[in-house]
Each structure stands twice: as C-alpha cells, then as structure tokens.
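Here the structure is a predicted model, which is why all the values come from computation and not from measurement. Start at 1 and go down the list; that is how both ligands and their atoms are numbered.
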Amino acid sequence: MNLLVTGGCGFIGSNFVRYWLRQHPGSRVIVYDKLTYAGRKENLNDLWGHDGLRLVVGDIGDMHLVRRTCQEQNIDLIVNFAAETHVDQSILGPLVFTDTNVRGTHVLLEVARELGIRLHHISTDEVYGHIRAGHQSVETDELAPRSPYAASKAAADQLVQAYAITYGIPVTITRGANNVGPYQYPEKAVPLFSTNAILGEPLPIYGDGLQMRDYAHVYDHCTGIETVLLKGKIGEVYNVGTGREMTNLEMVDIVLTTLGKDHALVRHVTDRPGHDRRYSMNVDKLRALGWEPKYDPKQAVAEAAKWYVDNHWWWEPIRSGEFREYYNRQYAERLSGADQ
Ligand code: NAD
Ligand code: DAU
C-alpha cells in the first residue's frame, strides 16, 4: 500500500509513520508536510533513508501539488493529520486554522474524489464541545465546538462526511482524545509542564485546574487508526481514547511526581477564554473492532513526562527558538499575576 500521510512530521503523524512502517514493512509512506513550527523533520530522524519513506514539503491547500504527488506516487490512501492544532494559538490567530483545517481538508477531499483514493481523516473529541458530567460522547452525538480550533475541526469532519454522502467517496474518520507521548510540541500542556518542571520554571495552570481530559498515549491512537484502516467500515466515524479522564491538577501531580519536582512550581493563572470543562468519549465502537488501549491515562502521562527527561536534544532547541516569543505572549502577563 502507498500512503500519503499529511502532517507526518508533527507529533501524532510522526508516531504513526514510525508505527506503520514497523508493522507494515512492505508499505510505502509519502509524508506530505508544510513544516510549520510544529512540523519537525527531526521527529523522523531515525527513519530518513528508509526505502519506504519519502518527504514532500507542501501545503495541503495546494491542490496541484497534492494531485501531482498522489499521481506520481500511486497513492492508495490519504491519512490526514495535517492541521493547526493548538487551541491557544487559535485564540491568538484564528484565520490560519480555517485555511489549513477547513480548506486544506477540502482540497484533499477534492483530490481523493477525482483520483478515487480512500481518505482517512483525523478529527478530535473537541468537536463534541464540553461534555456534562455523567455523559460520554458517542459518534452520533451532535457536534458543538467552542473554540476556533474545534470549530475548524468540526467543519472539516462534516465536510468529510458530506463528501461520503454526496459523492460516495470512501472515507473514515477517527476522533481522538488528548494525546501524550514522544515528540509533542511543548506548547501543549503535558510537554509544557514536563519541560518547565525540568527547567525549574513555573507551571501555568489555567483557572482552577479542575478541567477534565482523557490523556491517551499516542501509541494507542496509532493502533486505533490502524484498526480503523484495516477493519473499519467505510463511511463511519470512530472515537479513539481510553474512556477515562482526570483533572489537569491530577495530570500535573503525575508529571511532578514522576520527575521528582516540587509542587511549589504550580501557578494558577488567568483561564483560557471559552475553556472546555470536560471531554469524555465512549470508545465501544472501536473496541468492537478488537482494539484495546495499552496504556491507562496515568501511565501515559508518566511515560510522556519521562520522555522529555531523556530527550533534551529534541526540545531544548525548540524552547530556545521562536517558541520563546509565543511563550512570552501567552504567559508573561498571566504569570506576573499568578497565585501559587
Ligand atoms: P501537530 O501540531 O504536532 O502537527 C501538525 C502537523 O501538520 C505538522 O507537521 C505541520 O507542519 C503540519 N501542517 C500544518 N499545516 C499544514 C498544511 N497547511 N499543509 C501541510 N502540513 C501542514 O499536531 P498533532 O498534535 O500531531 O495533531 C495531528 C492531528 O491529530 C491534527 O489533525 C489534530 O487536530 C488531531 N488530533 C490531535 C490530538 C492531540 O492531542 N494532539 C488529539 C486528537 C486529534
Ligand atoms: O482533546 C483533543 C485535543 O487535545 C486536540 O484536538 C488538540 O489538538 C490538542 O491540542 C489538545 O487540546 P487541549 O486544549 O485539550 O490540550 P492542551 O494541551 O492545550 O491543554 C490540556 C489542558 O490543560 C486543557 O484543559 C488546558 C490546560 N492547560 C493547557 C496549557 C497549554 C493549562 O492549564 N495550562 C496551559 O499552559
């Protein structure tokens, strides 16, 4: 099989490429990536040179390049990870989220339709909006996104479903929970808190820290996507997570305990506007295909925190570069008025 993996230099995409090539040695993977700040060639350092792997640097919104790449590389399947992915960045500068997440996905759908290629789209639990206590989102729930990021992902998710209904093109969708693990860009909570703790810098917790997330290991997201690619029903949507949540304060406690760092580093700062209180998904539909997560959320967070201890080579150059500008914009004022 020849796969076009868009966004394959990002966090989940690179973990998926590594997993896929190991499990499916005869496959070819073409990584198609714009290499934004979050797309890092070094995420696949151990694999460049592998016979089955190529990189095409490009934007998913560039229809000519997407079409040409699919034709030249005889692509059978597009797996779309490419996206702008950080909620806080979507609050600071939302337009690029529409360009990539909505229009970019639309371009992939047009090329898939024209060339008769299956498309698997990576969506998110954020499309359901925040979930009242006691409920777990199922795939047929209405979408109710609440941030510019989530709204752009919900629009893409619905476009994919609309193309399946209108044009009958073969698509599948997975909606993933919060992932943690190797190579996650340190703007996201677990790598931010882990690297801040290692550096002895304060950990900025938004609001009361009682928001709930299902922190799932990226490995389980990869096996979930693989399961849907191999056994999923065309036209269907599948949730991928552990089905178990914890509060952000519990997550921080695991990070600090794992790293042997002092809880005095915790700071409660001004909340994220429109902060979703709780995500929670029912994953029975994916389980019915024979999939099970390997990690529980506690293990997942602890494993992730350890990875940052062992991989300074990866995150130190990021944290000393353009990331600093973003960090100051996002946190300097918040931290100056923070409570311990
Ligand atoms: P990431 O930000 O780490 O990586 C995104 C990748 O997409 C980068 O390699 C980037 O260069 C590339 N990209 C961005 N714009 C592009 C464009 N216009 N054209 C081509 N490439 C482009 O993201 P991630 O955390 O790995 O998320 C991957 C996918 O999974 C996204 O669709 C995201 O919405 C979804 N998702 C993420 C999580 C999570 O917890 N991180 C959970 C559920 C779903
Ligand atoms: O749920 C899936 C989503 O998970 C993905 O679709 C997104 O791409 C991914 O970024 C992630 O979104 P979240 O907003 O849930 O993740 P983030 O790591 O930004 O934040 C996790 C929680 O931690 C959330 O409740 C906000 C909180 N937080 C985050 C940061 C960055 C803080 O309290 N302080 C922070 O500095």
Side-chain angles (χ1 to χ4, degrees), residues 5-16 31-41 43-44 56-62 65-66 79-91 96-97 99-101 103-105 107-108 121-128 130 145 147 149-150 152-153 156-157 174-181 183-193 196 202-216 218 221 225 239-241 245 247-249 251-252 266-272 275-281 327 330-331 334-335:
V5 178
T6 63
C9 287
F11 161 49
I12 306 174
S14 62
N15 277 283
F16 176 79
V31 168
Y32 185 101
D33 200 300
K34 188 178 173 185
L35 298 180
T36 68
Y37 73 95
R40 326 271 325 167
K41 267 178 85 174
N43 290 4
L44 290 168
V56 174
V57 178
D59 191 319
I60 55 168
D62 180 346
L65 186 59
V66 173
V79 187
N80 180 30
F81 292 91
E84 290 292 335
T85 62
H86 191 39
V87 173
D88 292 325
Q89 300 270 18
S90 86
I91 294 167
V96 65
F97 284 72
D99 295 341
T100 289
N101 300 1
R103 188 178 174 281
T105 303
V107 165
L108 297 179
H121 177 69
I122 312 299
S123 188
T124 167
D125 61 3
E126 298 208 14
V127 298
Y128 295 117
H130 63 175
S147 72
Y149 162 69
S152 69
K153 291 295 291 183
D157 188 310
T174 41
R175 295 187 182 140
N178 279 65
N179 277 209
V180 297
Y183 305 103
Q184 185 170 30
Y185 195 80
E187 65 193 348
K188 308 284 164 56
V190 169
L192 180 78
F193 295 163
N196 274 19
L203 275 49
I205 315 291
Y206 294 152
D208 60 12
L210 296 178
Q211 308 83 9
M212 303 194 84
R213 296 290 185 271
D214 175 352
Y215 289 104
V218 65
H221 195 177
I225 295 165
N239 292 339
V240 190
E245 318 100 64
T247 65
N248 286 332
L249 288 181
M251 174 268 280
V252 168
V266 169
R267 299 283 186 287
H268 286 270
V269 302
T270 305
D271 208 346
R272 172 187 278 176
H275 195 170
D276 286 341
R277 200 73 186 156
R278 174 173 179 260
Y279 301 138
S280 180
M281 291 189 297
Y327 189 84
Q330 181 66 14
Y331 296 106
R334 278 186 161 91
L335 282 167

**Request:** Distance to 0.1 Å, residue and atom name: give those for the protein heavy atom nearest to atom 3 (O) of ligand 1.
**Result:** Phe11 N, 3.0 Å
**Check: Glu84 N/O within less than 3.5 Å of ligand 1 N/O** = no
**Item:** For Asp208, all residues meeting side-chain hydrogen bond (donor to acceptor under 3.5 Å, both in side chains), sequence neighbours excluded
**Value:**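 Result, side-chain hydrogen bond (donor to acceptor under 3.5 Å, both in side chains) vs Asp208: Arg277.
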**Asked** Under the side-chain hydrogen bond (donor to acceptor under 3.5 Å, both in side chains) test, which residues partner Tyr128, sequence neighbours left out?
**Response**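 Once residues adjacent in sequence are excluded, the partners of Tyr128 under the side-chain hydrogen bond (donor to acceptor under 3.5 Å, both in side chains) criterion are Arg175, Asn239.
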Best match, [options]: closest heavy atom to [atom]:
atom: atom 24 (C) of ligand 2; options: His275, Gln211, Arg334; answer: His275
atom: atom 27 (O) of ligand 1; options: Val127, Thr85, Asp214, Val66; answer: Thr85
atom: atom 14 (C) of ligand 1; options: Gly7, Ala83, Ala82; answer: Ala83
atom: atom 38 (C) of ligand 1; options: Val56, Val5, Ile12; answer: Ile12

**Message:** With a cutoff of 4.0 Å, is Glu187 in contact with ligand 2, counting heavy atoms of the residue only?
**Reply:** yes
**Message:** Could you check whether any heavy atom of Gln330 sits closer than 4.0 Å to an atom of ligand 2, since that is the contact criterion I want to use?
**Reply:**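 The answer is no: ligand 2 sits nowhere under 4.0 Å from a heavy atom of Gln330.
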**Request:** Please state whether Tyr149 comes within less than 4.0 angstrom of ligand 1, counting heavy atoms only.
**Result:** yes
With a 4.0 Å heavy-atom cut-off (strictly under), which part of [X] contacts ligand 2: side chain, backbone, both or neither?
X: Val269; result: neither
X: Val87; result: side chain
X: Met251; result: neither

**Request:** Take the angle between the ring planes of Tyr331 and Tyr206 and call it parallel below 30°, perpendicular above 60°, tilted in between.
**Result:** parallel
**Asked** Going by atom types only, do Glu84 and Thr100 share a side-chain donor-acceptor pair under 3.5 Å?
**Response** no
**Asked** Are any of the N or O atoms of Asn248 closer than 3.5 Å to those of ligand 2?
**Response** yes
**Message:** Show the atoms of ligand 1 that are less than 4.0 angstrom away from any heavy atom in Asn179.
**Reply:**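 The list of qualifying atoms is 39 (C), 40 (O).
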**Asked** Under a 4.0 Å heavy-atom limit, does His86 contact ligand 1 with its side chain, its backbone, both, or neither?
**Response**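 It is neither part, as no heavy atom is under 4.0 Å.
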